[in-house]
Enquirer: 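After the structure tokens below, expect a handful of questions from me.
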Protein chains: 2
Amino acid sequence: MPLTNPTATVRDLIREHYATLTQSERKFANSLLENYPAGGLASITIVAENAGVSTPTVARMVQKLGFKGYPHFHKSLLKELQAKVSGPTQRRENWVSDAPESHLLNRFSQAVTQNLSQTFSNVETDRFDAAVRQLANTDGRLYVVGGRITRALADYAFTHFQAIRQRVTHMTSSSATWPHYVLDMVEGDTLLMFDVRRYETNLQNLAKLAAERGVTIILITDQWASPVTAHASFTFNCWVEIPSAWDSNISTMMLLEALIAATQEEKWPETRDRYERLDELFDLTRLFRKFT
Amino acid sequence: MPLTNPTATVRDLIREHYATLTQSERKFANSLLENYPAGGLASITIVAENAGVSTPTVARMVQKLGFKGYPHFHKSLLKELQAKVSGPTQRRENWVSDAPESHLLNRFSQAVTQNLSQTFSNVETDRFDAAVRQLANTDGRLYVVGGRITRALADYAFTHFQAIRQRVTHMTSSSATWPHYVLDMVEGDTLLMFDVRRYETNLQNLAKLAAERGVTIILITDQWASPVTAHASFTFNCWVEIPSAWDSNISTMMLLEALIAATQEEKWPETRDRYERLDELFDLTRLFRKFT
DNA sequence: GATTATGTGTCAATATATTTTCAGAGATTT
DNA sequence: AAATCTCTGAAAATATATTGACACATAATC
């Protein structure tokens, strides 16, 4: 494992040894990776301070990485930088990343960033806040449902909302069971729906039934808007196009996480309590597993 | 003349003052410009030696440029470097929306952008491509598994990979069933694992067993790296910190989608065929539903 | 719940870097 | 060609960085 390949960059070395690093050493490692390589080019005193650790911690860590001492590490970083700049034909231009412009990763990340920014700037904060208040309202039940692809997102939403508040139900993707859930829905309940193309008629029917019973529907859909919009109190559109045959759900995920984060903040410190109790329970579960 | 424009780079300063520099000072200036900025980031002793001049010469020159002393000059160069690296990321913060700076949505999106860029720049394209080739290899089976939180991601991965290639298995999150799967694993199979903190011992055990059977493990984890790393052939670290009590999985999702997209591209037009047949089947299903 | 192991920061020592001072080498002027 | 001026690097003085030793805190183990 510790190859100590002579051409390995400091970044590589950190990755390689990350598992063996201690907490504060990782603190420094992260600080360096986040601002690479500048974060390691000042004096040990300064970089340690910037990372919020003591100088010996930095000294110990660079030794773990295989350097003789901080100056050796410093020199190595400098050489890397030099190779990058003065190297023949800008050696793979790995300043920000080592991916060539045409590589799929690059095209992909560009599309994603575009999507996120589009999605984000299309959210009205007032509407967002109102939706969050609805999600935080535990007087009514919260139902979560998704389609074929978005089932995973619904699942993710369920896992997190369940940690934040009580009375959450994940409606399985099998639409045969939905009528049972609808039967119990009452005014004041909330239905969080995911529907991206190809839009599913079942979800539309479900939305209609729920709306008729006075349920508040929060819809997360794509930029072309699912027909469920007609029944929804809150609709959020997410930009999903990427260079591929299918649609990306990263912006969808972002919006969902933002809703979760906001709901959690709204219900703090109630949520804090739940988290702590949850943690205890997990610990118990883990103990139990030891005997299986 | 000495504008001392706050945004002026050291390079600019040198050009501006070049006329007033003495012979050896120019010697150092040229040495620095030829290897910029690395040529000025070591200690004054070293850079002076590299340029073939004495230390006082360097010290005097940087003072001529308007710096208080060599350390000041050094710090300034570092800041420049830092700005260059974080530049593209920061520039994306022109996400002018009507949201006030302090609104959660804004803070959230900033954190997410940061995470994505961080994650992205830590992926080596070679490793990425190799992992994709492994994922596209249909000689062996592809197993997908996640933990408590990442189960949703594993599900998402399964749904998409199933559309792209045959022989995909989603290992349920209930670890009790895992031995059955392991029993059938053979060399050449691939295991796509998700493990973010808190890392689950079950996943670690699973990884060990699979690795022993010659299975290639592709691990998607967070920036702190799951212990599964030890058994994995390919590890991808995703930055996950957001202003909340839990970790974000947006960058995780991005990496997953990128892997899916790349795998699809690798196997095109084979995949195209599958997609078309899949679509037909969906249509049939939909028709069928009409009569229920 | 006591005990060990591990990690962490404070402080002191040692080493290194930076600046200042100063004397000599070249260039320029008288 | 002598006198002066400017530039330059050697060396001392000063400041700062680096490392090692130690003690405390925290986590893991029994």
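Each chain gets a letter, A, B and so on, in the order its sequence line appears, and its residues count up from 1.
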Enquirer: Over how many whole Å does the gap from B:His74 atom NE2 to C:dA17 atom P extend?
Expert: 12 Å
Enquirer: Reading DNA chain D from 5' to 3', where do the contacts with chain A start and stop? Cut-off is 4.0 Å to heavy atoms.
Expert: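 Extent of the interface on DNA chain D: D:dA17 to D:dG20.
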Enquirer: With a cut-off of 3.5 Å and sequence neighbours excluded, list every side-chain donor-acceptor pair involving residues 60-69 of chain A.
Expert:
from    : atom 1 : to      : atom 2 : distance (Å)
A:Lys64 : NZ     : A:Thr20 : O      : 2.9
A:Lys64 : NZ     : A:Glu25 : OE1    : 2.8

Enquirer: Could I get the full list of salt bridge (charged side-chain N to carboxylate O under 4.0 Å, His left out) partners for B:Glu241, not counting sequence neighbours?
Expert: none
Enquirer: Each nucleotide in nucleotides 5-14 of chain C should get exactly one letter: B, S or -. Can you fill that in based on protein heavy atoms under 4.0 Å?
Expert: --SBBB----
Enquirer: Quick one, which residues of residues 39-49 of chain B touch DNA chain C with a heavy atom under 4.0 Å?
Expert: B:Ser43, B:Ile44, B:Thr45
Enquirer: With sequence neighbours left out, what residues match B:Asp155 under side chain to side chain donor-acceptor pair (under 3.5 Å)?
Expert: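 Testing B:Asp155 for side chain to side chain donor-acceptor pair (under 3.5 Å), a comparison that skips the adjacent residues, returns A:Arg151.
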Enquirer: With sequence neighbours excluded, what pairs up with B:Thr235 under the side chain to side chain donor-acceptor pair (under 3.5 Å) test?
Expert: none
Enquirer: Once you round it to whole Å, what is the distance between P of C:dT19 and CE of B:Met61?
Expert: 13 Å
Enquirer: List for me each residue that meets ring pair (Phe, Tyr, Trp, His ring centres under 6.0 Å) alongside B:Tyr70, sequence neighbours excluded, and say none if there are none.
Expert: B:Phe73
Enquirer: Hey, is the main chain of B:Phe158 close enough, under 3.5 Å, to the side chain of B:His170 for a donor-acceptor pair?
Expert: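 Between the backbone of B:Phe158 and the side chain of B:His170 there is no qualifying donor-acceptor contact (under 3.5 Å).
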Enquirer: What residues, two or more places apart in sequence or in another chain, satisfy ring pair (Phe, Tyr, Trp, His ring centres under 6.0 Å) together with B:His231?
Expert: none
Enquirer: Once side chain to side chain donor-acceptor pair (under 3.5 Å) is applied, do any residues pair with A:Arg167, and if so which ones, sequence neighbours excluded?
Expert: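 For A:Arg167 there are no side chain to side chain donor-acceptor pair (under 3.5 Å) partners, ignoring immediate neighbours.
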Enquirer: Listed by chain and number, what are the ring pair (Phe, Tyr, Trp, His ring centres under 6.0 Å) partners of B:Tyr156, not counting sequence neighbours?
Expert: B:His160
Enquirer: Distance-only criterion, 3.5 Å: show the donor-acceptor pairs between side-chain atoms of residues 44-57 of chain A and protein atoms not counting sequence neighbours.
Expert:
from    : atom 1 : to      : atom 2 : distance (Å)
A:Ser54 : OG     : A:Thr57 : OG1    : 3.0

